[in-house]
Amino acid sequence: MRYLYIALTEIKSKLTYRFDLGVEFFSKLIELTMTLAVWNAVFSSGITIRDYDKKSMIAYLVISSVLSFLYTFEPCFRLGKLIHSGRLSVQLIRPINLWKSGLAEQTGRKAIYFIILFIPFVIFAKLHNYFVLSIILFIVNFVMFYSLMAFISTVAFWLENTWPLRPVFSAVYSLLGGILFPLDILPEPVYRILVYNPFALVGHVTAKTLTGSNENIALYILISVFYTLIFYFLYKIFFKAGLKKYEGVGL
Amino acid sequence: MNIIEGENLSYDYVSFEKKSGFKGSLKDLFKREKITVNAVKNLNFTVEKGKIVGLLGANGAGKTTLIKLMTGILTPSSGKINCIGHTPMFREEKYLSRIGMMLGQKSQLVWDLPARDTLELLKMIYRINTSDFTERLEKLTEMLSLESKINIPVRKLSLGERIKFELICSVIHNPELLFLDEPTIGIDILSQNKIYDFLLEINRIYGTTIILTSHNTKDITALAKEVLIMKNGEFIYSGEVKELRILTDKDISYTLSTNKDINPYIGEKGKCERTGYCRYKLNVHSADELGNLNFKIVSSVQEDASDLDYILSTIYSGE
């Protein structure tokens, strides 16, 4: 219940800045328009790439772009901000689990996007046979991606600034997650390896699932759960080790 | 009954010594000189339940480290510490629910929302039942005159109002042990007095034990009867504030207000001078001399904080 309230507080904070929400939507729209323009030019000669014609490529890119609203890197920088502002001390003396409160915050932060953007896709996903599995995959992926970001965030105990990592993450997510192009247009052996990386699970795999062209959903859910556990335990180990470094900063 | 017990408590950490100049910076890139800092050294101390204790010391004396050890943020390098029957380093939920901490410069308020939202969040975090919460919130906001400010976004509040709400946040769950770091930093005298009254009241009503660190000696004279003074990670004084003067052999100064413009001091050992209408300054060697005041005409006695400033600076500098 208390973590639900943390999420609710985050929703309230997010709603305070309506203009920021609008700007975020607008910048994503520009990003998507540019990607679509590039692919529109590629398909202007009437070719098909692997199994993609112009229509299916646009559907894929719109969905993967929408997904990138939900899978963002804020949790990766949360710990760094807390450490450098000294507010980690405030969090540490509260009787709450920092990992869970971070997940609740991220859920709250993304709740509005989830409602505005995801409901039409849920309705769309209902059209195919894997509705429940698709929803489970989406939820598990959300937690898995948060776990990955939370684990990476622990480098803040050793690094002075974590923000230079942001462009690196964006590039990795866009390429390995299949945001710029579907991963299955790559050569088969490369695709077989890339499709199981955490970024592909939240990007390419989820987009394919929501368009109804994925049949191994249960397997992907299992892999995602496996990743979640790994990242969670790594977070615990690194957080504990990092906390020992958290000494010199004044209260 | 002791609420805090420290036994041979030490905390060390490894730091680096930075070489000066460009050449030094280049050398540092490849090899750094490690140094072990003994932030807290072999401390033995106790704090009694219901007391207000001032934790004093110059910058870098080890006060912050000691508070971090007591709140479980840090794990001791050696020795033991026990607070309310718990070992803080385990950060058990039960222990964390029984303590409160206010850091004057680190806000726990949600910046974009009214203070009520943060307090409602804390209600959930500390599992406070609704009737207790409503009653306590009403009482606390009334004590600090904040009733009309509770629904205003935090970012629009003045510094003093924010500090007062920070205080409410740290006591809303009625902690048995409260840690305060610079509770009056940057706020005006009127608000400072409100905060003193508030802290004395919660100490009196709920028996809250308060550990207070501040560089504002007025905080100490107004609130604490006992102090722990630290220097280089060690205690150099532990005892009552009034006994501190013995260390420096300095007179105590009091500002007296009277309801008649007549010198209220009838003793012979001290010196009492008129400083204004119905205001006198009394200099005595011992607090016992206060017994020689004519309390029929004395309306208030305020110990002079600047005296403590002098005493502390003498102690810190080791003169």
Side-chain angles (χ1 to χ4, degrees), chain A residues 1-21 78-79 81-105 107-109 112 157-160 236 239-251, chain B residues 11-16 37 39 59-60 63-65 67-75 77 88-89 91-114 117-118 120-127 153 155 166 169-170 173 175 179 181-182 213:
Chain A
M1 192 65 185
R2 45 188 170 171
Y3 295 103
L4 182 68
Y5 207 87
I6 292 174
L8 280 174
T9 306
E10 199 60 41
I11 295 174
K12 284 192 268 183
S13 279
K14 192 85 188 170
L15 285 173
T16 313
Y17 294 106
R18 289 167 296 178
F19 187 68
D20 289 35
L21 268 176
R78 175 181 179 251
L79 188 60
K81 279 184 194 164
L82 287 175
I83 291 170
H84 292 113
S85 65
R87 290 184 68 199
L88 181 62
S89 300
V90 175
Q91 295 287 325
L92 286 173
I93 63 136
R94 284 182 178 172
I96 48 166
N97 178 308
L98 211 60
W99 188 89
K100 286 185 198 166
S101 71
L103 178 59
E105 276 177 24
T107 309
R109 209 175 285 131
I112 297 153
F157 282 114
W158 291 272
L159 285 183
E160 192 61 37
K236 296 281 270 185
F239 188 84
K240 202 174 169 186
L243 211 50
K244 288 182 185 164
K245 296 272 297 172
Y246 181 67
E247 87 299 289
V249 194
L251 270 174
Chain B
Y11 182 78
D12 314 323
Y13 65 90
V14 176
S15 188
F16 300 99
V37 180
N59 294 329
K63 309 181 297 289
T64 299
T65 306
I67 286 193
K68 283 181 179 177
L69 289 165
M70 290 191 276
T71 49
I73 294 169
L74 295 179
T75 303
S77 305
M89 61 180 262
R91 297 182 47 238
E92 297 160 88
E93 201 176 310
K94 264 188 181 173
Y95 175 62
L96 297 178
S97 301
R98 295 171 74 184
I99 63 167
M101 182 158 86
M102 182 212 155
L103 310 168
Q105 299 181 73
K106 307 282 182 286
S107 178
Q108 58 173 319
L109 293 161
V110 182
W111 185 249
D112 303 313
L113 300 176
D117 285 291
T118 305
E120 294 272 358
L121 176 66
L122 293 171
K123 170 185 177 262
M124 302 306 286
I125 287 176
Y126 288 101
R127 302 180 205 274
R155 65 173 188 273
E166 292 288 348
C169 286
S170 63
H173 56 294
F179 298 94
D181 184 58
E182 304 282 356
T213 72

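Residue numbers start from 1 in every chain, and the chains themselves are labelled A, B, ... in the order their sequence lines are given, proteins ahead of strands.
Between Asn97(A) atom CG and Glu93(B) atom CD the span is 9.5 Å, to the nearest 0.5 Å. Atom CG of Leu96(B) sits about 10.0 Å away from atom CD1 of Ile96(A), to the nearest 0.5 Å. In this structure, the separation between CG on Leu122(B) and OH on Tyr5(A) is 10.0 Å, given to the nearest 0.5 Å. To the nearest 0.5 angstrom, Gln108(B) atom CD is 6.5 Å from Ile93(A) atom CD1.
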side-chain contact (heavy atoms from CB on, under 4.5 Å) between Arg94(A) and Tyr126(B), intermediate numbers included: CA-CA 8 Å; Arg94(A) 284 182 178 172; Tyr126(B) 288 101; 4.0 Å; yes
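Residues passing the side-chain hydrogen bond (donor to acceptor under 3.5 Å, both in side chains) test with Lys81(A), sequence neighbours excluded: none. Every residue meeting the side-chain hydrogen bond (donor to acceptor under 3.5 Å, both in side chains) condition with Asn59(B), not counting sequence neighbours, appears here in chain and number order: His215(B).
At distances below 3.5 Å, at least one donor-acceptor pair connects side-chain atoms of Arg87(A) with backbone N or O atoms of Ser107(B).
For the pair Ser89(A) and Lys68(B), the tightest heavy-atom approach, listed with the atom from each and the gap, is OG-CE, 4.4 Å.
Heavy atoms of Leu113(B) lying under 4.5 Å from chain A belong exclusively to its side chain. For Thr16(A), the part sitting under 4.5 Å from any heavy atom of chain B is the side chain, from C-beta outward, and nothing else. Both the backbone and the side chain of Glu120(B) come within less than 4.5 Å of a heavy atom in chain A. Contacts of Arg155(B) with chain A are made by side-chain atoms alone, with heavy-atom separations under 4.5 Å and no backbone atom involved. The contact between Thr71(B) and chain A is made by backbone and side chain atoms together, counting heavy-atom distances below 4.5 Å.
With a 4.5 Å cut-off on side-chain heavy atoms, Asp112(B) and Lys14(A) do not count as touching.
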